[in-house]
There are 2 protein chains.
Amino acid sequence: MVTIADVARHAGVSPSTVSYVLSGKRAISAATRERVEASIKALGYHPHAGARALASSRANVVALVLPLRTDMHVPILLQIAMAIVTAARGHDHDVLLLTNDEGVEGLHRVARSALVDAVIVMDVELHDPRVPVLRELGLPSVLIGFPADSAGLTCVDLDFAAAAGMCVDHLADLGHTAVALIGPPAGVLERGTGFARRTVAGFEEAAARRGLRAVVRSCEPLHEAVQTTVKELFAEHPEITGLVVHNEPALPPLLQALRGLETAVPRDVSVVAVGPQELAAQVTPTPTMVSIPAEEMGRRAVELLMDKLNGREAPNATLIPPNLTPGHSTAPPPARS
Amino acid sequence: MVTIADVARHAGVSPSTVSYVLSGKRAISAATRERVEASIKALGYHPHAGARALASSRANVVALVLPLRTDMHVPILLQIAMAIVTAARGHDHDVLLLTNDEGVEGLHRVARSALVDAVIVMDVELHDPRVPVLRELGLPSVLIGFPADSAGLTCVDLDFAAAAGMCVDHLADLGHTAVALIGPPAGVLERGTGFARRTVAGFEEAAARRGLRAVVRSCEPLHEAVQTTVKELFAEHPEITGLVVHNEPALPPLLQALRGLETAVPRDVSVVAVGPQELAAQVTPTPTMVSIPAEEMGRRAVELLMDKLNGREAPNATLIPPNLTPGHSTAPPPARS
DNA sequence: TCAGCCCATCGAAGCGCTTCGATGCTCCGG
DNA sequence: CCGGAGCATCGAAGCGCTTCGATGGGCTGA
């Protein structure tokens, strides 16, 4: 193994000088710096992570806690995770993957053993058992999602209320007067996932504001369930001409079901989806959608974490503004018959 | 921070004794061990990971390299990753998440800096640029998937050839005489992903062995593409009565398309799928399928890695035998008209 | 011309742990 | 009753790095 002493010898300086070249914590003359950097390259030196962590009490590793069973759409989860890794690397940090099946104990362990010096928690529930542990550990942390009580925590999420509102506004602007929200399965709401509730709230608030009739439905992502839901919805509320879908896996079967009902999209009914951008490529017509900015969520989470690690203040709540991309699934409602 | 010296003082022993209690590398009397363990619990001691890594030159961390763009079905990827984390924890190791966008350089970095002492690489391609790096680093490593040249490497994967063969056998046993394989998009094959090729090979080999007429088709997972593919397939080969589908996202639209063609499953055509077990719950009829054992793949990979870390010999290739679960999508072919 | 300062660099201590040889027991056989 | 074997434990060195105070040389300004 190549050590800092080897580099120092090779460059004709002391080990501490090499260390200062690496960290930039003291001024080093350009000549010396270049010589040292050349030696580092020549020898292929990489500082020993453990030694560095021991001496500096900074591991330069952040823990990423993934849920074992997830409410979120899995591909999004992974996209966010990847974005987090990439962003963390940009700040010279690595990412340690933790699952919830080791329980909250795992958080304790990695924190107390100084394996990591910060934590990102994904897919936070309203009453998440990890939240009190985070408070207690006193490590810098960022949550993706909002728990019921977010006092003193740093949370990041898409502004789902605004996203739903944006969908409603889009439909209202087109002239629709009665709309429905097709949300995630009932279980997700019951388990207390914040984003689902915020979508519903935003939907209802916007509908009220715009004077629209509004209906909310949960929906399992199974083909049959979708079909039934849609059929019932139009039977009970024939006046509905606009659908907001916040349920990724249900979108393809939903469009399929509409086709089956001889309901043309967007001629007879308009559909706006909230979900990952890739979904747009998988269905026809290309849906008008508010996309979930996985990359930005990951990046923002890391930036906030780095702020906290560097002693800067971080805002308590970061709501990422939604972005609606027009597609071919929305149009003005059919003329009154 | 609580150190080993604090524990030693509390228990009235020397630090080395505490260390030996923890590692079990020397005999310690039962009385002393209990006293030390009590002190550890009382003080809430967790060994400092960096210090431990420095002194023992063992980080007890394995790197998990995920691809950025993936050929595999994303939920499976994540399932395997989670299984790896869980299994690694069972062997007192943690998992560091690496993406490929840092490139092969990231592997070098974590290895040379002793951040990790072993590597698991997922979604290996036939000519994977990471493979030569693994050889060069000399770290214990396990690949999930097979590269073109796997000499000297330890690889784990589902036995896709056997899986495809099992599907063919199932159809042949039911009396089918002409079958087709609906594989992944052409791009996946071209990029040289081993599992796709092995499926094709296994399919053709088994069909030949059983004297079946066999056709192979690639298919994009878009609704329209699936529909076209199916239509063309039956137009060109009306004799086909059995389908093997190795393309997760295409399965739901495929069943849908068959329904559209007034082709009843399994009355007119039988369908066997290769994919994750959860898929079965999302479509009707419940498909007969060979499931991809994500949990087992992750676990086996870790076990092999631990063997190598502990100086034991690990087999070069581990092919996990497939498992066919009968469903309601296969039946004998319709009587000849 | 020299005190005083700052810049660049060095040396050494110490981070918390593991590990190896040394040490003091106890217990056995002769 | 004593030498030697073996068990349980201790002490100290050292892993590779960071960091703090110290040092020395080149300037500046009076």
Side-chain angles (χ1 to χ4, degrees), chain A residues 1-37 39-40 43-61 92 94 109-117 309, chain B residues 1-37 39-40 43-61 92 94 109-117 309:
Chain A
M1 153 156 233
V2 183
T3 73
I4 202 172
D6 298 325
V7 175
R9 212 171 303 122
H10 187 272
V13 296
S14 81
S16 51
T17 300
V18 177
S19 178
Y20 286 123
V21 166
L22 250 22
S23 70
K25 293 192 179 171
R26 280 199 187 176
I28 297 287
S29 69
T32 305
R33 183 185 7 269
E34 279 158 26
R35 201 146 31 86
V36 169
E37 279 164 356
S39 299
I40 288 176
L43 301 180
Y45 169 68
H46 286 260
H48 187 290
R52 175 171 271 196
L54 178 56
S56 67
S57 38
R58 282 279 232 126
N60 276 29
V61 175
D92 198 29
D94 277 286
R109 185 178 55 81
V110 296
R112 303 292 303 271
S113 67
L115 229 190
V116 307
D117 29 43
L309 273 171
Chain B
M1 151 156 235
V2 182
T3 74
I4 202 173
D6 297 325
V7 176
R9 211 170 305 124
H10 187 273
V13 298
S14 82
S16 51
T17 301
V18 177
S19 178
Y20 286 123
V21 167
L22 250 21
S23 70
K25 293 192 179 172
R26 282 200 186 174
I28 297 288
S29 69
T32 304
R33 182 184 9 267
E34 278 158 26
R35 203 146 31 86
V36 169
E37 278 164 355
S39 299
I40 288 174
L43 300 181
Y45 169 69
H46 287 260
H48 187 289
R52 174 172 274 194
L54 178 57
S56 67
S57 39
R58 282 281 232 124
N60 275 32
V61 176
D92 198 29
D94 277 287
R109 186 178 54 81
V110 297
R112 304 292 303 269
S113 68
L115 230 190
V116 307
D117 29 43
L309 273 171

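Given the structure is predicted, the values throughout are model-derived calculations rather than measurements. Letters A, B, ... are given to chains in the order of the sequence lines, protein chains preceding strands, and every chain is numbered from 1.
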Are there any protein N/O atoms within less than 3.5 Å of an N/O atom in nucleotides 24-26 of chain D, and if so, which ones and at what distance?
none

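Looking at residues 48-58 of chain A, you'll see A/Leu54, A/Ala55 sit with a heavy atom under 4.0 Å from some atom of DNA chain C. If you check residues 23-37 of chain A against DNA chain C, the residues with a heavy atom closer than 4.0 Å are A/Arg26, A/Ala27, A/Ile28, A/Ser29, A/Thr32, listed by number.
Taking CD1 from B/Ile28 and CZ from B/Arg35, the interatomic distance works out to 10.5 Å, rounded to the nearest 0.5 Å.
One axis for each end of the helix from C/dC5-D/dG26 to C/dG30-D/dC1, each built from five base pairs, and the angle between them comes to 50° at 10° resolution.
You'll find the side chain of A/Thr3 reaches within 4.5 Å of the side chain of A/Met1, heavy atoms only. A/Asp94 places a side-chain heavy atom less than 4.5 Å from the side chain of B/Val110. The shortest distance between side-chain heavy atoms of A/Leu22 and A/Tyr45 falls below 4.5 Å.
The minimum heavy-atom distance linking B/Leu115 with B/Val61 is given by the pair O-CB, 3.5 Å. Heavy-atom minimum distance, B/Leu309 versus B/Asp117: CD2-O, 3.5 Å. The two residues B/Val2 and B/Leu43 have their closest heavy-atom pair at CG2-O, 3.5 Å. Between A/Ser39 and A/His10, the shortest heavy-atom contact is OG-ND1, 2.8 Å. Smallest separation of non-hydrogen atoms from A/Asp92 and A/Asn60: O-ND2, 3.1 Å. Residue B/Ala8 comes nearest to B/Ser14 through the heavy atom pair CB-C, 3.6 Å, listed as atom of the first residue, atom of the second, then distance.
B/Arg26 places no side-chain N or O within donor-acceptor distance of the main-chain N or O of B/Tyr20, the cut-off being under 3.5 Å. Listed for the A/Ser23 side chain is a donor-acceptor partner under 3.5 Å among the backbone atoms of A/Ser19.
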Solution key, residues 51-59 of chain B side-chain donor-acceptor pairs under 3.5 Å, sequence neighbours excluded:
from: B/Ser56; atom 1: OG; to: B/Arg52; atom 2: O; distance (Å): 2.6
from: B/Ser56; atom 1: OG; to: B/Arg58; atom 2: N; distance (Å): 3.4
from: B/Arg58; atom 1: NH2; to: B/Asn310; atom 2: OD1; distance (Å): 3.4

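Running 5' to 3' along DNA chain C, contacts with non-hydrogen atoms of chain A at under 4.0 Å begin and end at C/dA8 to C/dG16.
Within 4.0 Å of A/Thr3, counting heavy atoms only, lie sugar-phosphate atoms of the nucleic acid but no base atom.
In this model, no donor atom of one side chain and acceptor atom of the other lie less than 3.5 Å apart for B/His46 and A/Ser113.
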